[in-house]
Every structure is written in C-alpha cells, then in structure tokens.
Protein chains: 2
Amino acid sequence: MMRPGMPDSDYPDVRRLALFSEMADEHFNALMRGAYVQNFPQHIELITEGEPSDFLHVILSGAVDLFSVWNGRETSMATARPVSTFILAASIRGAPYLMSARTLEKSRIALIPSQDVRAIFGADNVFARSIVTELAHCYRSVVKTQKDLKLRTSLERLANYLLRQQSRAGGETEFDLEFEKRRLASYLGMTPENLSRAFKGLQAYGVVVQGNRVTITDQQDLERFAKPNRLIDDPHS
Amino acid sequence: MMRPGMPDSDYPDVRRLALFSEMADEHFNALMRGAYVQNFPQHIELITEGEPSDFLHVILSGAVDLFSVWNGRETSMATARPVSTFILAASIRGAPYLMSARTLEKSRIALIPSQDVRAIFGADNVFARSIVTELAHCYRSVVKTQKDLKLRTSLERLANYLLRQQSRAGGETEFDLEFEKRRLASYLGMTPENLSRAFKGLQAYGVVVQGNRVTITDQQDLERFAKPNRLIDDPHS
DNA sequence: CTGGTCGATTGACAAATATCAATCAAGCGA
DNA sequence: TCGCTTGATTGATATTTGTCAATCGACCAG
C-alpha cells in the first residue's frame, strides 16, 4: 500500500464534496496528509462486510458496487460514483461494515483513516455539521429505497428507476444505463430474467431498449404508469 | 397545544437517552424549556409524510407506528417505543418527513423544535457527536432492514424476527408479540394472510403461536432454519 | 347473555416472481 | 476470421406471494 500523502492534484476533487467543502483548510489538509490513494483494477473486492471499518473511502474515479451477502445469496445495495464517499456510518461508529464493496471498473480511491475523521470531527464544528448533513442524507436515501421496495412491484420500480435516470441524464429522451443489466436487476430486487420481461412490459408505455440504450418515447405515459413521488424518487428532498 | 416547558418530571427520562445523556446541563435545559409535551389518544396521526419537519419527537410512553403510503398502498416501516426519538434526520436537515407517524396506543410525546436542536448542535460539541452517533445508528438499522427484505423470503424474515424478539424478551422460550399481526405482516413486507401461513410453516421448526403468545420449543432447530446473522439481526453491531 | 365488530384464519384461486434450460448476441483474443 | 466467453433473452415451469370470500373467535356495549 502507498504511504500516506494524497497527491496534491487530488485535493480539489475531494474538497469539492459537500462533506469537505466547508471545513477549515488546516483541518482539511490534516485529513489529506493521513490519507492514502490507490488505483484498483476492475472487479476487486475493496471491503468485506463484517470486517472492522478503518477507513472512510472516497471514490475519485471509476465506480464501486456496494453489495451484501447472506446464505449464499447476494444483492446489490447501491453504487458509488465519483466523487463521493462511502461507508461513512461505519467509519464514524467504528463498527463493522454492513456491506461489501467491489470495483465495477478501474477505480481510484482515497482512504482516510477513520480515527483521523473522528479527530477532526471533534476539532472542527463545521466539519461535524457536514457529517451530520451527509449522514442524514444517507439515511433518507435508504428509507426511500425501502419504500420503493415495499410499496412497488418490480415493474413499477423499473419504471421509476428509468425516470430517475432520465432526469439524472439531463431529461433527455435517450440515455444509457449506467451498468450491467444483471446488476440493475439485483439493485431493483429482481432476477435478470425478470428484468428482461419488465423491459418488455414497459414497451406498452413507450420504453424502447437496445442494449444499454434506453429511449422514452412518451414520458407522460410512462409517468402515468410509474407515478413517481418526490418522497421516494427525488434524491434531494 | 401546550405552551413550551416540559414538566420537570419528564426530564430524567429524556436525559437518559444516548442522544441527550452526555451534553451539558445548560444546553439540555435550554432544549427542554423550548419543548412541548402532549398526550395523544390511540390512533392519532402525529405526522404526515411530505410535511415540513418542525419538531424532533421523543416518545415518553406508548407506541408509535412509522408508516408510508404510495399509490393507495401502505406499509409499516418501523415502530418507535419509549424512550426514543424519531424523525431525527428530517429535523436535522429541515427536510420534509419521509414517513408518517401515528399512535398505536395512548402516548405521551415531547416535541422539541428543530431549530433549537440545530442551535444547540452548533453550541455543544458533545451533543453534536451524539447526534452523529444516533444518525449513524439509524442509518445502519435501515440498511439491515433492507438486507433482510432483499435477501430473505418472508418465512425467513418471520423466523429471524421471532428470534430477535425472543432475544429482546430476555431469551425466554415464551414471549408476546408486541403488536397486532396485521401490522407485523406489514412490517415484514407481507399480507396478513401470508403471515398466518408463515406461522404455520414455522410449526415444523418448533414455533407455537396462540393469539399473541409465541413459544419457541426448539431454538436450535429454528436457528438452523433462520440462519440469523449479526450484520442483519443484531441491533447493536 | 347477545348481537355486533374487528382482526385472524382458512381455502380457492390469481398474479407475480423465481428457476431451469436453451438460445442468442456482442466482445475479444488467438 | 473463428471460436470462446459472458451476459441477455426467451420459453416452460415451479414457487412464492397476493387477492377474494367465507368463517372463526375474541371482545365489547347494550
């Protein structure tokens, strides 16, 4: 592993995160000095659930899948994309990871020792406030996902997912799925076979899929079916 | 509504919560002075999802159901029992509630203005740290619930739920379900009809149910089926 | 006591979802 | 280019779960 000392060139990207953007320079620099940066190839397991959490992770480039396993079954819980942190809660609590993490592609990851995070947290009120905001946001995200899972059928989940992606892509009629369909299926809580059928089922509402490319020919119609709701689908509210 | 000023007699109960137990007296008292306390009858809706969150709620006695609604469907997300807080995340962020809340029985609830919480948060580092700990705990709880939902069948969820309840009840062979079966069903993500059948299905593993009373005649056997896991079922880890 | 109400249970059936096996199609290295 | 591998799709089928209707049973008010 590399020795502490994140390259200065990575500072601005990290600094731009809401979690770090408001804190004092002095404290930010202290955090960065203790951090490692590593480049990982595709399909590397970064974190195994159950292990003690020693680092806060910041993904600088690439993509990371957060997943969980039980009794031989596996499910994708979330995807971390640059630039964002993951497993903040475990770091803060010093508790074991609840999720595993693996790279979906070649990824550049910064590792900030959890003890440093906790130390700076005590020294910098602004940082403390940012952590609270971030944690509250994470919590609300999971609650939304849980509502999605419990209140909707798989077809409805897919329809709303597509609308959210479309919105993320700037509202364009056409956009690309950001990852493999098998992972999307797992994320949405269904099998790959069922995802295929669900896409077919949405043809009736103007959804066309060719490979990774999705076209929404009649957004109104899809929305009438999907009934998106800001308390589930709006990532910011 | 009562005027601010929580009765002094309620102070100790609130103070005992991890969220408030470490903070300075001065700040705690300031929070309490701005708080209201109200007694609510059974089946009163305290909070409606989507509304702005003006108060941090503390349940002093009784029980509160946190639930969500979408497209005419409803699901129970969690139960708040004394003494604990709920909707901390919404209060902190000043964001709309993601869940509704209703009393399950006659309940006594303290309402602490969110703005007071945010003010004291800025003034008291110890309190800030407690909030972070609490939020991280809440986040991890929801992640566990999501793993439970996505990785297990309804029969497995029920089996593990019973083992958790048994543990909560001190590990006794016999214990009572803490709420209506229809709500339990909703909490576990199934219909009441299916819950009935699931209980029957667990007879094969030594589970006996009479009304609200559950007897686990062969814990080993039930555990072999349920395969409890600390990263899903341990509320503390 | 006696209806009446509400939740729990049961059975029959329908819908949703998963599983298994086969095939298809794109990407890639020799 | 040709196989080879991997993921996606499809069809057939099984399992799980939900729905609907009926009944049961506890509790409560009169």
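Order of the sequence lines sets the chain letters (A, B, ...), proteins ahead of strands, with each chain counted from 1. Because only heavy atoms are used, hydrogens play no part in the values below, and waters and symmetry mates are left out as well, while side chains stay in.
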Nearest-Å distance for atom pair CG/C1', residues B/L195 and D/dT19: 16 Å
Euclidean distance, atom CG of residue B/L202 to atom P of C/dT9 [Å, nearest integer]: 13 Å
Nearest-nucleotide comparison on DNA chain C, the residue closer to the 5′ end among A/T191 and B/N212: B/N212
Rounded distance (Å) that lies between atom P of C/dA18 and atom CZ of A/R73: 12 Å
Contact under 4.0 Å: A/T153 side-chain N or O vs C/dA16 OP1/OP2: no
Sequence-distant partners of B/A185, side-chain contact (heavy atoms from CB on, under 4.5 Å), two or more places apart: B/M190, B/P192, B/L195
Distance, rounded to the nearest Å, where B/R183 contributes CZ and C/dC6 contributes C1': 17 Å
Distance, rounded to the nearest Å, where A/K181 contributes NZ and D/dT10 contributes P: 9 Å
Residue-phosphate contact under 4.0 Å: B/S154 side-chain N/O, D/dT17 OP1/OP2: yes
Among C/dG11, C/dT17, D/dT17, the nucleotide that comes nearest once only the side chain of B/K200 is considered: C/dG11
Sugar-phosphate only, base, or nothing, as touched by B/E193 at under 4.0 Å among non-hydrogen atoms: base
Reported OG-to-CZ distance for the pair B/S237 and B/R140, which is rounded to 0.5 angstrom: 6.0 Å
B/R197 vs B/F179, nearer the 5' end of DNA chain C by closest nucleotide: B/F179
Presence of B/N194 side-chain N/O under 4.0 Å of D/dT17 phosphate oxygens OP1/OP2: no
Nucleotide D/dC27, atom P - distance to CD of B/Q42 in whole Å: 15 Å
Aromatic ring pairing A/F86/A/H57, orientation class (parallel under 30°, perpendicular over 60°, tilted between): tilted
B/R182, nearest nucleotide to its side chain (from C/dT17, C/dA8, D/dT9): C/dA8
Between C/dA18 (P) and B/R152 (CZ): distance, integer Å: 18 Å
Partners passing side-chain contact (heavy atoms from CB on, under 4.5 Å) against B/K150 (at least two apart in sequence or in another chain): A/T75, A/L149, B/Q146
Whether A/Y187 and A/F179 hold their rings parallel, tilted or perpendicular, with breakpoints at 30° and 60°: perpendicular
Gap between atoms CG and P, on A/L149 and C/dT17 respectively (whole Å): 12 Å
